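Report on the structure given below.
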Amino acid sequence: MAARVLDGAAVANAIRAEVGPAVAAFTARAGRPPGLGIVLVGDDPASEIYVRSKLKSAADAGLRADLMRLPAGAPLDDLLAVVEQLNHSEPHDGILVQSPLPAAMGPDAERRVFDIIRPDKDVDGFHPANVGLLVQNRATLAACTPSGVIELLERSHVTIAGSRAVVIGRSDIVGKPMALLLLHRHATVTICHSRTKDLAAVAAEADILVAAIGRPGFVTPAFVKAGAVVVDVGTTQVSDRAVVERLFAPDSKRREVFERRGSIVVGDVHPAVAEVAGALSPVPGGVGPLTIAMLLKNTLRAAQQRAGWAG
Ligand code: NAP
């Protein structure tokens, strides 16, 4: 039986429909819209697309969004200086530095950037102070992608409390905050990673399985209990025909898109999982649209908090 589709685009639209009027109310009361400063370093094509999409979504929601650009060869100190400017900028309530940063900035560049963003403007929820608050279940700004997954589950009427949840991936930006958010909603949570033994067997105990690793088609039906809810966070741009042919049937829509464009975005979950899972978030159209919706929501919340009007 085919799994129910967890429609991230529909949930993202519902969130946007709530954020829009709240942004208008803030703007009327404050005399200015909530403001987001986005910093983009270099000219990575995928980052350009993400940033353009964030700017458009912010404008559509009535937010002010400004883009600050730095050349690919800019030193880390220049980036830190731009972040400091935004830290002190009155009209900017939220700051987002687009990842990944150029490798030339050094291995600890992202951490140094996250560390200096003012916690009350940290709409990505990556500052250690916000991570600490998340651990203690009192975060007001939590990482957008995992927060989006929670919205997707809750608004799709998936019961989290009492469930057995398995998160594959332990990054600071997805896996760990995902596990904490599920834990705070009373799931019994296991985190798996590259050193986990018998990963398929551990995953197959899950009522809710979240895959966030970046390995196309890694999660096969052997990882999935019949009827489980599977959320596919992974997104990998695949141009290798052999990988696409291994995962998708010749007459599938994904193959059609691949033939047209030469590459497609592929999730961590193998398409055959749809025959085993009870519900499944697709890639694309699952978690992706929710990340931006949660960015808008976090920017509004940061603005409300800075104004002392947090609800
Ligand atoms: P990341 O920092 O590279 O972390 C990947 C995690 O997966 C690590 O914890 C790693 O384990 C684990 N892993 C890798 N290979 C594995 C394997 N063979 N078996 C078990 N675990 C394995 O990636 P990320 O930033 O968390 O992102 C994860 C995926 O989500 C990526 O595909 C990314 O593009 C996607 N993503 C999507 C959105 C969205 O909006 N849809 C947003 C953010 C990220 P170790 O720690 O042991 O190395």
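Just so you know, these numbers come straight off a predicted model, no measurement behind them. Whatever order the structure lists them in is the order used to number ligands and atoms, beginning at 1.
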Legend entry - Gly169: numbered ligand 1 atoms lying under 4.0 Å from its heavy atoms: 6 (C), 7 (O), 9 (O)
Legend entry - Qualifying residue for side-chain contact (heavy atoms from CB on, under 4.5 Å) with Arg255, from Ile264, Val244, Leu247: Val244
Inset, instruction - Determine, considering heavy atoms only, which of Pro177, Ser171, Gly214 sits nearest to atom 29 (C) of ligand 1. - result: Gly214
Legend entry - Enumerated ligand 1 atoms positioned under 4.0 Å from heavy atoms of Ile173: 25 (O)
Inset, instruction - Return yes or no for this condition: an N or O of Ser194 is under 3.5 Å from an N or O of ligand 1. - result: yes
Legend entry - Partner of Asp93 by salt bridge (Lys or Arg N to Asp or Glu O under 4.0 Å), out of Arg118, Arg301, Lys121, Arg32: Arg32
Legend entry - Salt-bridge present (Arg246, Asp240; N to O < 4.0 Å): no
Inset, instruction - Calculate, to the nearest 0.5 Å, the distance between atoms CG and CE belonging to Leu80 and Met105 respectively. - result: 8.0 Å
Inset, instruction - For atom 14 (C) of ligand 1, grab the closest protein heavy atom and report residue, atom and distance to one decimal in Å. - result: Arg215 NH2, 3.7 Å
Legend entry - Backbone N/O of Arg215 and side chain of Asp268: donor-acceptor pair under 3.5 Å: yes
Inset, instruction - Examine distances only and state if a side-chain atom of His184 and a backbone atom of Leu134 form a donor-acceptor pair shorter than 3.5 Å. - result: yes
Legend entry - Short N or O distance, Thr235 and ligand 1, threshold 3.5 Å exclusive: yes
Inset, instruction - Apply the side-chain contact (heavy atoms from CB on, under 4.5 Å) test between Met68 and each candidate in Val97, Leu40, Leu86, Ile38; give the one that qualifies. - result: Leu86
Inset, instruction - Assess Gly175 for proximity to ligand 1: is some non-hydrogen atom of it under 4.0 Å away? - result: no
Inset, instruction - Using heavy-atom distances, let me know which of Leu199, Ile213, Val265 sits nearest atom 13 (N) of ligand 1. - result: Ile213
Inset, instruction - Could you tell me whether a side-chain N or O of Thr188 sits under 3.5 Å from a main-chain N or O of Arg164, the two making a donor and an acceptor? - result: no
Inset, instruction - Measure from atom 33 (C) of ligand 1 to the protein's non-hydrogen atoms and state whether any distance is below 4.0 Å. - result: yes
Legend entry - Identity and distance of the protein heavy atom lying nearest atom 19 (N) of ligand 1: Phe218 CZ, 3.5 Å
Legend entry - atom 44 (C) of ligand 1 - nearest protein heavy atom and its distance: Val174 CG2, 3.8 Å
Legend entry - Closer than 4.0 Å: a protein non-hydrogen atom to atom 3 (O) of ligand 1: no
Inset, instruction - Enumerate the atoms of ligand 1 whose separation from the nearest heavy atom of His193 is less than 4.0 angstrom. - result: 11 (O), 20 (C), 21 (N), 47 (O)
Inset, instruction - For atom 42 (C) of ligand 1, grab the closest protein heavy atom and report residue, atom and distance to one decimal in Å. - result: Thr145 OG1, 3.2 Å
Legend entry - Ionic contact status for Asp60 with Lys56, cut-off 4.0 Å: yes
Inset, instruction - Measure the distance from atom 46 (O) of ligand 1 to every protein heavy atom, then report the residue, atom name and distance (to 0.1 Å) of the closest one. - result: Arg170 NE, 2.7 Å
Inset, instruction - From the options Thr291, Thr196, Val233, select the one whose nearest heavy atom is closest to atom 30 (O) of ligand 1. - result: Val233
Inset, instruction - Return yes if a side-chain donor-acceptor contact under 3.5 Å exists between Arg16 and Ser57, otherwise no. - result: yes
